[in-house]
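Worksheet: the structure to be examined is printed underneath.
These numbers were taken from a predicted model, which means no experiment stands behind them. Just so it is clear, the values below take in all heavy atoms, side chains as well, and ignore hydrogens, waters and symmetry mates.
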Amino acid sequence: MEFTAAQLSQFDGTDPSKPIYVAIKGRVFDVTSGKSFYGPGGSYPMFAGKDASRALAKMSKNDEDVIPSLDGLSDKEIGVLADWEKKFEAKYPVTGRVVS
């Protein structure tokens, strides 16, 4: 499936009848099984329904970092993002891509 950013934002955990999606580098993961982390009241609900690439790379929960842009990240941060991507690949199914 292809998602625009607006469509992806509908899968942010606020509607219990819908799955929860988080994107990394444009790939959309179904993280519903991790709703205790990504759903309302979890540790990372700010990532739900968004491409959280920059925030994961920077290990940040700041809203301004919950964006897809990788501009200006250090090699270390790019490595951190790659580690997160591997963790997501091992744990959650890919359900689509974000398109602009």
Side-chain angles (χ1 to χ4, degrees):
M1 284 181 71
E2 292 187 338
F3 299 88
T4 63
Q7 288 168 327
L8 182 62
S9 71
Q10 296 171 25
F11 298 92
D12 64 356
T14 56
D15 181 344
S17 71
K18 290 184 178 174
I20 302 172
Y21 294 160
V22 173
I24 300 177
K25 289 165 52 180
R27 285 199 302 165
V28 179
F29 292 85
D30 183 339
V31 300
T32 309
S33 65
K35 70 176 171 245
S36 61
F37 299 109
Y38 303 104
S43 301
Y44 306 100
M46 69 289 299
F47 297 165
K50 297 191 177 86
D51 188 316
S53 298
R54 186 175 197 82
L56 289 166
K58 294 173 71 74
M59 304 285 282
S60 167
K61 291 167 140 186
N62 298 332
D63 284 339
E64 66 268 18
D65 291 324
V66 186
I67 57 173
S69 172
L70 305 180
D71 292 347
L73 291 178
S74 69
D75 288 345
K76 182 177 180 214
E77 288 167 334
I78 294 291
V80 169
L81 179 57
D83 289 344
W84 275 113
E85 197 172 13
K86 283 189 190 89
K87 285 179 183 139
F88 272 66
E89 287 168 349
K91 202 168 179 182
Y92 303 116
V94 174
T95 190
R97 293 197 59 75
V98 181
V99 294
S100 43

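Thr14 OG1 to Gln10 CD: the interatomic distance, rounded to the nearest 0.5 Å, is 9.5 Å. Interatomic distance, Phe3 CZ to Tyr21 OH, rounded to the nearest 0.5 Å: 4.5 Å.
Applying the side chain to side chain donor-acceptor pair (under 3.5 Å) test to pairs two or more places apart or on separate chains, those with a residue in residues 38-59 are Asp51-Ser53. Residue pairs meeting the side chain to side chain donor-acceptor pair (under 3.5 Å) criterion with at least one member in residues 89-100, sequence neighbours excluded, are Arg27-Glu89.
Between Gln7 and Thr4 the shortest heavy-atom distance is OE1-N, 2.9 Å. Ala52 and Val22 get closest at one heavy-atom pair: CB-CG1, 4.2 Å. Closest approach of Glu77 to Gly72, counting heavy atoms only: OE1-O, 4.5 Å. Across Asp12 and Ala48, no two heavy atoms sit closer than the pair O-CB, 3.4 Å.
Hydrophobic clustering (side-chain heavy atoms under 4.5 Å, transitive across Ile, Leu, Val, Met, Phe, Trp, Tyr) groups Leu70 together with Val66. Cluster annotation: Met46 and Phe88 are assigned to the same hydrophobic cluster (Ile/Leu/Val/Met/Phe/Trp/Tyr, side-chain heavy-atom contacts under 4.5 Å, transitive). Under a hydrophobic clustering in which Ile, Leu, Val, Met, Phe, Trp and Tyr are joined whenever their side-chain heavy atoms come within less than 4.5 Å, directly or via other members, Leu81 and Met59 fall into the same cluster. Taken together through direct or relayed side-chain contacts under 4.5 Å among Ile, Leu, Val, Met, Phe, Trp and Tyr, Phe47 and Leu8 form parts of separate hydrophobic clusters. Transitive grouping of hydrophobic side chains (ILVMFWY, heavy atoms separated by less than 4.5 Å) keeps Ile24 and Val99 in distinct clusters.
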When the side chains of residues 28-35 are checked against the rest of the protein, which donor-acceptor pairs come out under 3.5 Å, sequence neighbours left out?
{"residue": "Asp30", "atom": "OD1", "partner": "Thr32", "partner atom": "N", "Å": "3.0"}
{"residue": "Asp30", "atom": "OD1", "partner": "Thr32", "partner atom": "OG1", "Å": "2.5"}
{"residue": "Thr32", "atom": "OG1", "partner": "Ile20", "partner atom": "N", "Å": "2.9"}

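Within a 6.0 Å sphere centred on CD of Glu2, heavy atoms belonging to other residues, nucleotides or ligands number 12 at most. Other residues, nucleotides and ligands place more than 12 heavy atoms under 6.0 Å from the CG atom of Asp15.
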Are Glu85 and Leu56 close enough, and set up right, to give a side chain to side chain contact (heavy atoms under 4.5 Å, CB included), and what steps lead you there? CA-CA 9 Å; Glu85 197 172 13; Leu56 289 166; over 6 Å; no

